[in-house]
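Below you'll find the structure, written out as structure tokens, and then a few comments.
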Amino acid sequence: MSAPIQQLRGLEILDSRGRPTVMARCRLRSGAIGRAAVPSGASRGAAEALELRDGDQTRYRGLGCRQAVAHLDGLIADAVVGRSFTDQAAFDQLLDTLDGTPNKARLGANATLAASLAFARASANDRDLPLYQYAAAMDTAPGVLELPRPMINLFSGGKHAGGQVPIQDLLIIPQATTMAGLLEQAVAVFQSAAEIMQQRYGMRLLTADEGGLAPPFPTLDALFEDALEAIERAGLRPGSDVRLAVDVAASHFYTGHAYQLGGRTLDGTAMIDQLAHWAEAYALASIEDGLAEDDWTHWSQLCTRLAAQTLIVGDDLLCTNPARIERAVRTAAANTLLLKVNQIGTLSEALAARRIARAAGWQVIVSARSGETEDSWLADLAVGWGGDQIKIGSVTQSERLAKYNRLLELERFDGIPLRKPT
Ligand code: PGA
Ligand code: ZN
């Protein structure tokens, strides 16, 4: 049982894109305090929970979060202040009931997640637990604690850059055996890539929302070839030292019946052929959102074709939504969950989504959003919930490094080992 909540408050703060987002602070009567800030996506799935924005064009181009903050200070605070909760699930259940809609449309998922996380932090602090241990204790069957393996943005296009290439992110997965070692590899590859960009495209170090490099690649294959070259230039071997992965974010170039890929129009079958070609030519470890979020039939065909050698990851497809994950399990449409807690709106619902994926034998990638804050809770969550991988962004920009640095801290000071590659 938690100590009674003494105060819950919300605050409009700014995220890494300079857009408003929500922070909450929860104080328990014991004196323990927890605060947390929520991220915000740009390349959103249609089935995500609602992020409440004010729509008042006189402030922050309509993106203000004063209503979400008012819900924290008003409806949510009124419902929780003075009360104790048996556990996180009971607190989150109250938020869900108070909201009463299927997608947090009343309170806003930015308000509910801020409350959920701030309560989690306050409760963890009250028990003198690091947040990753509190997260692990939320699970009924916590395994051995390990650090997730990072997949790191190298190049970006689509909605995370100027749309100069349709593919949203090309990621590297360094294979070193420690967190410190693999971040060193990632930075070496990033620096080599930046040199190539300068020489080949005359580009200064301009980066996309998540810190990836965003040059005007002449072709899609150049995106992959430049990545291979950057790995080799860093003195590493593609495949054995550093693997490649993509987030295609295909919903964003799908017209309802065809994929508009770099001047070509592909039907679902041709798009699968294209993905299979990349998977083989570049030994891709995973393909995220290779197809559009509602192209269910082709997702199953893609899995039949590639799931034996490549992780087929659902982000927009699944939206961390239990009903959509169940459908994907039933129809064998994916084999890996990209887990983003703000797609569903509370920690407990995200954990339920993860349980369904795990029960189906899927892998889980815990993911940040393109709009992030300096808060590092994502790293603790990924450790406590046994994420196989973590997707944070590039190895630049402090909103990304806050999470990587937390993982370094957990490796060195808390002695948590890095998960073996799977
Ligand atoms: P976001 O997308 O811009 O919605 O955070 C990140 C992703 O597609 O993985
Ligand atoms: Zn994605």
Side-chain angles (χ1 to χ4, degrees), residues 148-158 165-177 181-190 192-193 196 212-213 217 219-250 259 261-262 266 270-291 298-299 301-315 334-338 361-365 367 387-395 418-422:
R149 300 198 66 92
M151 51 196 315
I152 299 168
N153 294 43
L154 185 65
F155 296 134
S156 289
V165 279
I167 287 186
Q168 183 173 283
D169 299 296
L170 189 138
L171 304 108
I172 52 172
I173 308 179
Q175 301 291 305
T177 53
L182 71 81
L183 283 173
E184 203 176 310
Q185 289 180 331
V187 171
V189 175
F190 183 87
S192 305
I196 296 171
L213 297 161
F217 296 107
T219 62
L220 272 170
D221 281 316
L223 171 92
F224 292 99
E225 297 295 340
D226 285 355
L228 293 179
E229 192 180 328
I231 294 168
E232 280 164 0
R233 231 195 239 217
L236 298 164
R237 289 160 305 174
S240 49
D241 292 328
V242 181
R243 298 198 66 188
L244 294 182
V246 280
D247 180 1
V248 181
Y259 294 89
L261 188 69
L266 306 180
M271 187 66 199
I272 292 173
D273 287 342
Q274 176 65 75
L275 296 170
H277 164 73
W278 285 328
E280 192 178 336
Y282 304 111
L284 297 181
S286 61
I287 299 175
E288 178 179 333
D289 284 347
L291 296 164
H298 288 114
W299 272 90
Q301 291 173 15
L302 175 66
C303 259
T304 307
R305 179 105 172 249
L306 289 183
Q309 66 265 30
T310 308
L311 294 180
I312 304 298
V313 186
D315 172 14
N335 64 10
T336 303
L337 169 67
L338 195 86
W362 288 17
Q363 293 218 12
V364 175
I365 302 172
S367 175
D388 298 287
Q389 297 184 71
I390 186 166
K391 186 180 160 201
I392 298 172
S394 181
V395 280
L418 177 65
R419 189 173 281 269
K420 301 250 177 324
T422 43

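The figures that follow rest on heavy atoms only: side chains count, while hydrogens, waters and symmetry mates do not. Source: prediction; values computed, not measured.
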Can Thr177 and Leu418 be said to form a side-chain contact (heavy atoms from CB on, under 4.5 Å), step by step? CA-CA 7 Å; Thr177 53; Leu418 177 65; 5.6 Å; no
Using 0.5 Å steps for rounding, measure from the [atom1] atom of [X] to the [atom2] atom of [Y].
X      : Y      : atom1 : atom2 : result
Leu236 : Ser192 : CG    : OG    : 8.0 Å
Glu232 : Ile196 : CD    : CD1   : 9.5 Å
Lys391 : Asp247 : NZ    : CG    : 4.0 Å
Gln168 : Glu288 : CD    : CD    : 7.5 Å
Ile173 : Met151 : CD1   : CE    : 4.5 Å
Asp388 : Thr336 : CG    : OG1   : 8.0 Å

Test Met271 against Val248 for side-chain contact (heavy atoms from CB on, under 4.5 Å), laying out the working first. CA-CA 11 Å; Met271 187 66 199; Val248 181; 4.1 Å; yes
Taking C-beta and beyond as the side chain, do [X] and [Y] meet within less than 4.5 Å on heavy atoms?
X      : Y      : value
Asp289 : Trp299 : yes
Leu266 : Asp273 : no
Leu182 : Pro150 : yes
Trp362 : Leu311 : no
Ile231 : Asp241 : no
Leu220 : Val165 : yes
Ile167 : Trp278 : yes
Leu171 : Ile152 : no

So Tyr282 and Phe224, would you call those rings parallel, tilted or perpendicular, with 30° and 60° as cut-offs?
parallel
* Verify side-chain contact (heavy atoms from CB on, under 4.5 Å) between Leu275 and Val246, making sure each step is shown before the conclusion. => CA-CA 10 Å; Leu275 296 170; Val246 280; 5.7 Å; no
If only atom types and distance count, is the side chain of [X] paired as donor or acceptor with the main-chain N or O of [Y] below 3.5 Å?
X      : Y      : result
Arg233 : Ala193 : no
Arg149 : Arg419 : yes
Asp169 : Ser156 : no

Problem - Residue pair Ser394, Asn153: steps toward the side chain to side chain donor-acceptor pair (under 3.5 Å) verdict - result: CA-CA 5 Å; Ser394 181; Asn153 294 43; over 6 Å; no
What's the shortest heavy-atom distance between Phe217 and Asp226, and which atoms?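 That closest heavy-atom pairing would be CE2-OD2, 3.4 Å.
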Notebook entry, point to check: Should the heavy atoms of other residues, nucleotides or ligands under 6.0 Å from CD of Gln301 be counted, would the total exceed 12?
Noted result: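 Yes, because the 6.0 Å sphere around CD of Gln301 holds more than 12 heavy atoms from other groups.
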Flag yes if more than 12 heavy atoms outside Glu280 fall under 6.0 Å of its CD atom; otherwise flag no.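 Incorrect, the count does not exceed 12.
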message = For Ile365 and Leu337: C-alpha separation, side-chain torsions, deciding distance, then whether side-chain contact (heavy atoms from CB on, under 4.5 Å) applies.
response = CA-CA 6 Å; Ile365 302 172; Leu337 169 67; over 6 Å; no
